[in-house]
Amino acid sequence: MARSILASTLFSLTLLLTYVTSTRAASNSTQCPTDPYLDPQNDPCNALGYIASIPPTAVAFSLVLLIAFIQTYRIIYKGARWMWPMVVGEYIYAIGFGFRFALHYNPDSLAIYIVEYLMIVLSPCFFIAANYVLFGRLARDIGCTYQVLLPVRRLTLIFVLSDVTTFVIQAAGASMTTSTVYNSALIGLHVFLAGLVVQLASFLFFCVIYARFLYKVHAEVQAIWMQDSKQHWNNDWRTLAAVMTISCIGILIRSCYRVAEVAQGFYGSLTSSETAFYLGDTLPLLVAIGIYVLFWPGRFITAKIAPSANESQNGQELAFSLGNLGHNHEVRTGVLSDY
């Protein structure tokens, strides 16, 4: 179900881009300067407030596209097809940087800016959704669904729906910010900020649930916590748990940056700083998605036949018993369903 929701969201983004760019292009009557490179910060037609630099754009574009290619290969040949939302988001993110090239040569083009902006600011919604799905997969794979605050299937669906909702709010707000009418643009900015804040709050709540899950497994099910301790670190499920933690931290940093940027308004110091954009947005997200290139989840989580309800209950009871006795036995169950 989450797949169809995200696919519909991607389709909606395409329609939104088509509508907004055509509407704004038709209504744009602002007098642009003859030389857009002379004073970009005071150029009324330059939505960025600066000229997008080619070198950092090229580096970011190349890295994001490389990560997307590698993860596409891993999904096809190494498994973990449930990570596809992240890969889709990476291609959208790369397209956004591709439009920054065009924006460098056409800094006053509103149509190019709209596409670039929506692709850049909305693609992390897909990264967040991938982490939501990964958490459910990890909990089921090690047989610790009882340590999750809510039923895993329901938890994943709730957070994915939350992600899609905030995506729509941000998309609507971001499109309104490009209006030539200041009051409409200001309303759009507030709507976009509301979407960012709700997304940040939702993701923070998810991170708390995830941290609680790790604590509960460590405290209550020592057998499972230590089951891979004698294996190499790249075959230890706790490595994947740490990688997901790093990814979540990267997304949190980016989310905090975006909230602070939008809260400053149209002419804030963060909004008109390319350095802030790369340090607060691009770098944390590169870490959040790039970490999975080195530690692909499909290497740690493999599809298994779903156990029956009695087998699951027996497995949980056995895990708790072993944990209480301090034994180091492997007790791992999993399911084949995506969510």
Side-chain angles (χ1 to χ4, degrees), residues 10 13-26 28 30 32-73 86-127 170-171 174-175 177-178 192 250 254 257-258 261-262 266-290 293:
L10 185 59
L13 175 60
T14 304
L15 293 179
L16 178 66
L17 285 172
T18 304
Y19 170 75
V20 173
T21 52
S22 60
T23 303
R24 287 290 287 114
N28 185 28
T30 305
C32 299
T34 305
D35 186 359
Y37 299 94
L38 188 61
D39 187 12
Q41 190 170 1
N42 297 310
D43 181 355
C45 296
N46 189 323
L48 282 178
Y50 57 84
I51 303 298
S53 301
I54 291 295
T57 300
V59 171
F61 175 78
S62 301
L63 288 176
V64 173
L65 203 58
L66 179 62
I67 291 171
F69 285 155
I70 294 175
Q71 291 188 4
T72 299
Y73 171 84
M86 177 167 286
V87 177
V88 170
E90 288 162 358
Y91 283 115
I92 296 174
Y93 199 39
I95 292 172
F97 282 106
F99 274 93
R100 283 183 75 88
F101 284 115
L103 206 55
H104 172 83
Y105 296 104
N106 301 275
D108 288 348
S109 173
L110 190 60
I112 295 176
Y113 167 75
I114 291 172
V115 177
E116 179 268 347
Y117 186 68
L118 290 179
M119 294 291 184
I120 292 289
V121 301
L122 297 179
S123 54
C125 294
F126 292 86
F127 308 154
Q170 290 176 59
S175 64
T177 60
T178 62
F192 182 50
R254 179 266 176 189
Y257 160 77
R258 280 297 179 183
E261 178 203 35
V262 176
F266 292 110
Y267 308 107
S269 58
L270 292 177
T271 304
S272 58
S273 172
E274 187 174 27
T275 301
F277 165 70
Y278 282 109
L279 292 180
D281 186 287
T282 309
L283 184 58
L285 288 182
L286 282 174
V287 172
I289 62 178
V293 170

* Smallest separation among heavy atoms of Q170 and C125, with atom names -> NE2-SG, 4.2 Å
* To do: Hey, could you give me the CE/CD1 distance between M119 and I95, rounded to the nearest 0.5 Å?
  => 5.0 Å
* To do: Any chance you could measure M86, atom CE, to Q71, atom CD, to the nearest 0.5 Å?
  => 6.5 Å
* Structure fact -> For D281 and Y93 the tightest heavy-atom approach is OD1-OH, 2.9 Å
* So do the side chains of T72 and Y91 get within less than 4.5 Å of each other, counting heavy atoms only? -> yes
* Go through the steps to decide whether Y278 and T57 satisfy the test side-chain hydrogen bond (donor to acceptor under 3.5 Å, both in side chains), and finish with yes or no. => CA-CA 9 Å; Y278 282 109; T57 300; 3.1 Å; yes
* **R254 charged N/C atom sitting above F127 aromatic ring, 6.0 Å / 45°** => no
* Compare every heavy atom of F101 with every heavy atom of Y105, then report the nearest pair and how far apart it is. => CD1-O, 3.2 Å
* To do: For residues I67 and G290, report the shortest heavy-atom separation together with the two atoms involved.
  => CD1-CA, 3.7 Å
* What is the distance from atom CZ of R100 to atom OH of Y113, rounded to the nearest 0.5 Å? -> 9.5 Å
* Asked: When rounded to the nearest 0.5 angstrom, what is the spacing between CG in L66 and CD in E90?
  -> 10.0 Å
* **L48 vs P40 side-chain heavy atoms within contact, under 4.5 Å** => no
* Asked: Under 3.5 Å, side chain of H104 to main-chain N/O of S53, donor-acceptor pair present?
  -> no
* Drop me the distance from N46's CG to N106's CG, to the nearest 0.5 angstrom. => 11.5 Å
* **Shortest non-hydrogen contact from F61 toward A94** => CD1-O, 3.2 Å
* Could you grab the distance from atom OH of Y117 to atom CZ of F192, nearest 0.5 Å is fine? => 4.0 Å
* Over all atoms of both residues, closest heavy-atom pair of Y257 and G280 -> CB-O, 3.5 Å
* To do: Evaluate side-chain contact (heavy atoms from CB on, under 4.5 Å) for I120 paired with T282, printing each intermediate quantity in order.
  => CA-CA 9 Å; I120 292 289; T282 309; over 6 Å; no
* Between D43 and D108, is a side-chain contact (heavy atoms from CB on, under 4.5 Å) present by the stated rule, with each step listed? -> CA-CA 8 Å; D43 181 355; D108 288 348; 2.5 Å; yes
